[in-house]
Amino acid sequence: MQNYWLIKSEPTVYSWEQFLAEQRTFWNGVRNFQARNNLRSMKTGDLVFFYHSVKNPAVVGIAQVVREAYQDPTSEDTNWVVVDLIPHKTLTKVVTLQQIKTEPILQNMALLRQSRLSVMPVSAEEFGKLLEMGGL
DNA sequence: GCCAACGTTGGC
DNA sequence: GCCAACGTTGGC
């Protein structure tokens with residue numbers, strides 16, 4: 001059963017464009033237990049919205065999980081894990097935070113309710129709505 | 001650059 | 001175990 005997620009990245013640190021150029025990445029740097037638990041729950045084939053935070057905040061693309069959680073190679077601390085991701089689709093139109101805030105179906109998203117969480121689940125309904133808003 | 005939200009740390 | 005202090009994230 002496929003699940004949906006959303007991950008945040010500051011585009012000045014790691015952008016969707018860099019991800020497209022690399023074609024595959026391990027998602028490191030998560031240092032929050034709730035976000036870590038979400039990473040651990042990701043399954044191969046799950047789809048993950050890629051959100052640019054801070055500068056022009058918006059959902060810009062969709063990634064796919066190709067390897068489930070394993071020890072973060074950039075940390076000795078066994079608390080931290082990464083998943084491997086590949087680009088799935090670039091949104092035809094980015095969906096801005098402003099648009100998300102004004103869409104009734106998306107009001108319960110953790111993105112709005114828990115602004116500092118960097119890895120969060122997305123419901124099937126929210127996923128569908130975001131796809132539509134993204135022009136896919 | 002400012003500030004609110006919130007997670008973490010450390011004193012007691 | 002409580003809570004104040006502090007650091008970080010992220011919107012504006």
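A note on names: the letters A, B, ... follow the listed sequences, proteins ahead of strands, and every chain is numbered from 1.
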> Can you tell me if Asn28(A) uses its side chain to pair, donor with acceptor, with the backbone of Val82(A) under 3.5 Å?
Replying inline: no
Which nucleotide in [options] has an atom nearest any side-chain atom of [X]:
X         : options                  : value
Asn32(A)  : dC6(B), dC12(C), dG7(B)  : dG7(B)
Ser118(A) : dG10(C), dG7(B), dG11(C) : dG10(C)
Gln98(A)  : dG7(B), dG10(C), dC12(C) : dC12(C)

> Between Phe33(A) and Trp80(A), what is the ring plane arrangement, given parallel below 30°, perpendicular above 60°, and tilted in between?
Replying inline: tilted
Would you mind reading off the distance between [X] atom [atom1] and [N] atom [atom2], rounded to a whole angstrom?
X         : N      : atom1 : atom2 : result
Arg116(A) : dA5(B) : CZ    : P     : 12 Å
Leu117(A) : dT8(C) : CG    : P     : 18 Å
Phe33(A)  : dC6(B) : CZ    : P     : 19 Å

> In dot-bracket form, how is DNA chain B paired, counting a Watson-Crick or G-U wobble pair only if both its distances are under 3.5 Å and using | for bases paired to another strand?
Replying inline: ||||||||||||
> Will you find, in the side chains of Trp5(A) and Asp46(A), an N or O donor that is under 3.5 Å from an N or O acceptor?
Replying inline: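 On atom types as modelled, these side chains qualify, holding a pair under 3.5 Å.
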>> If you compare all heavy atoms of Arg31(A) against all heavy atoms of Asp72(A), which two are closest, and at what distance to 0.1 Å?
In response: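 Smallest interatomic distance, heavy atoms only, reads NH1-OD2, 3.1 Å.
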>> Is it true that, when you exclude Gln23(A) itself, more than 12 heavy atoms of the residues, nucleotides or ligands shown sit nearer than 6.0 Å to its CD?
In response: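 Yes, because the 6.0 Å sphere around CD of Gln23(A) holds more than 12 heavy atoms from other groups.
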>> Between Trp27(A) and Phe19(A), is the ring centroid distance below 6.0 Å?
In response: no
